[in-house]
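As structure tokens, the structure follows; a few thoughts come after it.
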Amino acid sequence: MVSSILRFRKLCYLEPAVRRSSSCSGGSAQKSSTETTKDDHDHDRHHNNFVVIEEKQRKRKSQQQQQRRQGSSWRCVDSCCWAIGCICTAWWVLLLVSQCLPATMPATESPGERLRREEGLVALHPVVLVPGIVTGGLELWEGKPCSYGLFRKRLWGGSFTKIFKRPLCWLEHLSLHNETGLDPPGIRVRAVPGLVAADYFAPGYFVWAVLIENLAKIGYEGKNMYMAAYDWRLSFQNTEIRDQALSRLKSKIELMYVTNGHKKVVVVPHSMGVIYFLHFMKWVESPPPMGGGGGPDWCAKHIKAVMNIGPAFLGVPKAVSSIFSAEGKDVSFLRAVAPGVLDSKLLGLQTLEHIMRVSRTWDSLISLLPKGGDTIWGNLDWSPEAVNSCDLDRKGNAQLSVGDRNLNHSDGTRGFQVKEPVKYGRMISFGKAASQISSSRLPSPDLKELLQLRSSASLNLSCGEVLTEYDEISRESIRRISMNKAYTAQNSFDLLRFVAPKLMQRAEAHFSHGIAENLDDPKYGHYKYWSNPLETKLPHAPEIEIYCLYGVGIPTERSYVYKQSPSDNCKSIPFRIDSSADGEPDSCLKSGVYFVDGDESVPVLSAGFMCAKGWRGRTRFNPSGIATYVREYRHKGPASLLEGRGIESGAHVDIMGNYALIEDVMRVAAGATGLDIGGDRIHSDIIRMSERINLQLAVGQAAEECKKCS
């Protein structure tokens with residue numbers, strides 16, 4: 001401001017005065033020499049002041065430019081974060097808009113309204129809903145100082161807005177104790193009770209809400225409908241030890257049975273909740289202190305039907321990749337589209353490392369590992385799905401040959417046989433070639449050597465803070481794991497014991513993943529076997545009906561192509577899915593993942609085998625001959641945003657809004673049987689897959705063969 005005034009004064013007064021004095025010679029001759037000297041001094045003084053001010057401005061401007069140059073790297077990061085933030089915000093806004101729209105078109109009549117109007121359907125049997133992994137809300141009851149203000153606020157589920165402000169604190173409170181699998185000192189996180197526990201996972205993202213609303217249309221309410229919420233992070237038996245969740249479920253079913261006219265209960269579990277309730281059925285009839293002491297006829301007395309939605313009876317391959325590298329198809333796809341984002345040294349987020357550190361404290365994750373070993377999932381050269389087509393669109397229009405028709409009331413649609421069978425049995429392959437070449441050319445992984453190597457491995461203690469158990473493995477050990485080897489479902493357990501010894505040692509005391517030789521062996525009375533349908537018997541309750549309800553027609557993860565991570569940072573995860581590994585355009589291999597038919601999370605094999613074969617009729621796993629039904633729902637995406645996530649979706653969670661599935665559940669709850677709703681409805685290759693699995697099912701047959709072998 002001062003410099004502008006001086007410059008204006010100089011232009012308006014000093015310079016015109018000089019010009020006038022030089023142009024008017026007559027006037028200047030009349031001035032005295034003293035006055036002329038005085039004007040010159042004034043001019044010099046003002047000119048010098050102006051020069052000093054200009055110099056200060058130049059220095060200030062130079063300093064500002066230098067500061068901008070020094071901070072240019074930070075400005076680059078800020079711009080990058082701003083761009084990512086804008087993209088994420090736009091994505092979340094679009095997602096919120098699409099999810100907040102009604103799940104169905106406004107003009108479409110809901111199943112509850114239609115069945116009540118057309119068929120006079122009314123509530124009859126009490127309904128118990130059992131949520132799966134991650135869909136149930138968790139709230140804080142006690143925490144560290146960083147959690148101030150979050151008492152009884154949701155740490156999982158809900159809006160998540162308060163949590164984003166303190167992510168590391170949030171991760172600390174979601175973690176369990178690394179040795180006990182229970183609460184860490186000073187932290188208590190518990191399941192949210194009631195129907196609100198899992199009606200919505202986040203605002204606008206329904207889980208059970210649509211089914212609950214439709215059940216309410218025919219008369220269901222709090223007295224005859226119950227959400228069996230539990231802490232899905234814990235092992236199943238630990239939910240009883242810490243929270244008495246199994247005892248509360250037993251008491252609630254008994255109360256609903258009595259208060260609703262002694263009507264048996266219809267149980268509707270979803271995803272991991274399916275094997276949680278399988279554990280419950282064995283627990284409730286087993287004697288205390290390990291069991292609930294209900295007696296051998298408790299299930300027959302209290303349960304009408306178990307309608308399993310998206311059942312993960314035999315586990316899911318994605319559990320292997322989650323434990324091994326905290327990855328799945330989504331992370332692999334992100335790496336393929338935007339390489340370097342997750343592994344940016346500049347941002348230093350270490351997102352996957354933090355996810356791995358927290359999730360490896362959740363024992364429930366082990367319950368989802370593949371069960372049945374190579375007998376169910378295949379070996380290096382064979383798998384039940386080897387005859388499948390990877391083109392699911394063509395598969396829906398394929399027709400059976402005459403000899404393949406009329407299999408278990410199927411609708412007759414099957415896939416084309418591929419030219420060369422995919423070796424799905426190689427659940428983890430290091431390199432695309434290792435997933436395809438003949439097994440004779442593969443180096444055999446010496447797993448005993450691996451485990452010995454783990455115990456004698458030198459630790460990377462220079463890393464400082466230990467984020468994952470990989471920090472405790474030498475780089476040489478890591479290199480030897482990935483030397484062009486392939487691992488099947490069976491020996492992948494040894495691989496996981498090598499890379500995650502604390503998790504596996506702790507969790508394998510609560511879960512088992514094999515196949516029972518003799519189910520009458522007293523050892524199978526231990527709770528670690530109760531959630532594995534291949535190592536436990538169904539209750540003696542021939543009047544119960546068991547349903548397997550799941551979606552088909554969506555590519556679902558089955559096996560993976562891995563490579564060693566290019567980063568040599570000792571804090572990084574040393575293995576990753578090779579997102580550059582792709583097959584032909586119609587190939588099953590995309591971005592390092594081999595896909596099969598399923599519901600996007602659970603392959604058809606895991607969801608349908610037990611109802612299609614393992615429990616079908618009177619088998620050693622189902623000695624009383626409980627009736628089983630397979631009901632598949634072909635996936636059809638929403639036609640427009642007005643349909644929300646679709647009324648014919650077969651996706652693992654979105655199927656909870658599938659009208660056909662909702663109608664099946666409502667009819668059974670209102671008194672219908674499996675035959676009343678049409679028996680089996682099969683679109684996939686589950687029957688053919690089941691026939692390719694050589695599993696002894698006859699009562700007593702496995703025990704007799706075991707005696708012969710001995």
Side-chain angles (χ1 to χ4, degrees), residues 87-115 129 131-132 134-135 157 159 198-217 268 270-271 307 309-310 318 328-330 333-334 337 390-397 411 413 549-557 590 595-604 607 631-666 681-684:
I87 294 172
C88 292
T89 302
W91 186 86
W92 275 106
V93 168
L94 291 174
L95 178 65
L96 185 62
V97 169
S98 65
Q99 303 303 336
C100 285
L101 289 171
T104 63
M105 295 182 67
T108 304
E109 190 177 22
S110 69
E113 293 173 338
R114 189 182 66 80
L115 292 178
L129 311 175
V134 309
T135 55
S159 64
D199 54 352
Y200 288 90
F201 175 69
Y205 191 91
F206 73 83
V207 182
W208 292 90
V210 179
L211 178 59
I212 291 172
E213 182 180 357
N214 279 277
L215 286 169
K217 299 286 186 184
V268 188
H270 174 244
S271 188
M307 306 194 74
I309 302 177
K318 66 191 303 182
K329 67 174 183 179
D330 298 328
F333 176 76
L334 179 60
V337 173
C390 301
D391 189 345
L392 297 179
D393 293 332
R394 293 179 62 198
K395 183 175 180 177
N397 299 320
D411 67 354
T413 55
L549 317 172
Y550 55 90
V552 297
I554 307 178
T556 304
E557 298 165 62
K590 297 184 186 302
F595 292 94
V596 292
D597 194 5
D599 68 358
E600 198 172 36
S601 292
V602 183
V604 165
R631 302 281 291 176
E632 296 182 342
Y633 306 86
R634 184 179 297 285
H635 174 72
K636 182 180 179 182
S640 67
L641 283 176
L642 291 177
E643 287 193 16
R645 284 146 63 189
I647 61 176
E648 297 181 76
S649 176
H652 189 63
V653 176
D654 295 353
I655 197 174
M656 307 288 279
N658 184 299
Y659 272 17
L661 179 140
I662 291 173
E663 290 184 4
D664 286 346
V665 172
M666 293 175 66
R681 182 176 62 192
I682 299 176
H683 301 285
S684 72

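Side-chain atoms are counted along with the backbone in the values below, which use heavy atoms only and exclude waters and symmetry mates.
Applying the ring pair (Phe, Tyr, Trp, His ring centres under 6.0 Å) rule to F201 yields the partners W156, F160; only residues at least two apart in sequence or on another chain are considered. Partners of D654 according to the salt bridge (Lys or Arg N to Asp or Glu O under 4.0 Å) rule, which considers only residues two or more places apart in sequence or in another chain, are R645. By the side chain to side chain donor-acceptor pair (under 3.5 Å) test, D664 is found to be paired with R631, Y633, residues two or more places apart in sequence or in another chain being considered.
Residues S649 and H635 are in side-chain contact: their nearest non-hydrogen atoms beyond the backbone lie under 4.5 Å apart. In this structure the side chain of V665 reaches within 4.5 angstrom of the side chain of V268, judged on heavy atoms. H270 is listed as a side-chain neighbour of H652, based on a closest heavy-atom distance under 4.5 Å. No side-chain heavy atom of S110 sits under 4.5 Å from any side-chain heavy atom of E213. Residues V604 and V596 fail the side-chain proximity criterion, which asks for heavy atoms closer than 4.5 Å. Counting heavy atoms from C-beta on, the side chains of K329 and E600 come closer than 4.5 Å. You'll find the side chain of L129 reaches within 4.5 Å of the side chain of I212, heavy atoms only.
Summarising the geometry, atom CZ belonging to R681 is positioned 10.5 Å from atom CZ belonging to R634; distances are rounded to the nearest 0.5 Å. Rounded to the nearest 0.5 angstrom, T556 OG1 and F595 CZ are separated by 8.5 Å.
For F206 against G657, the heavy-atom pair with the smallest separation is CE1-N, 3.6 Å. Residues V552 and H683 come closest through the heavy atom pair CG2-CB, 4.0 Å. Between G132 and S271 the shortest heavy-atom distance is CA-CB, 4.3 Å. Closest non-hydrogen pair, W208 versus A198, comes out as CD1-O, 3.0 Å. Shown here for S684 and E632, the closest heavy-atom pair between the two residues is OG-OE2, 2.6 Å.
With I662 as reference, V210 is the one residue of L215, I647, V210, L115 to meet the side-chain contact (heavy atoms from CB on, under 4.5 Å) rule.
A donor-acceptor pair is defined here as one N or O able to donate and one able to accept, closer than 3.5 Å; no such pair exists between the side chain of E557 and the backbone of G328.
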query = Would I655 and D599 count as a side-chain contact (heavy atoms from CB on, under 4.5 Å) if you check the C-alpha gap in whole Å, the side-chain angles of each, and the deciding distance to 0.1 Å?
reply = CA-CA 9 Å; I655 197 174; D599 68 358; over 6 Å; no
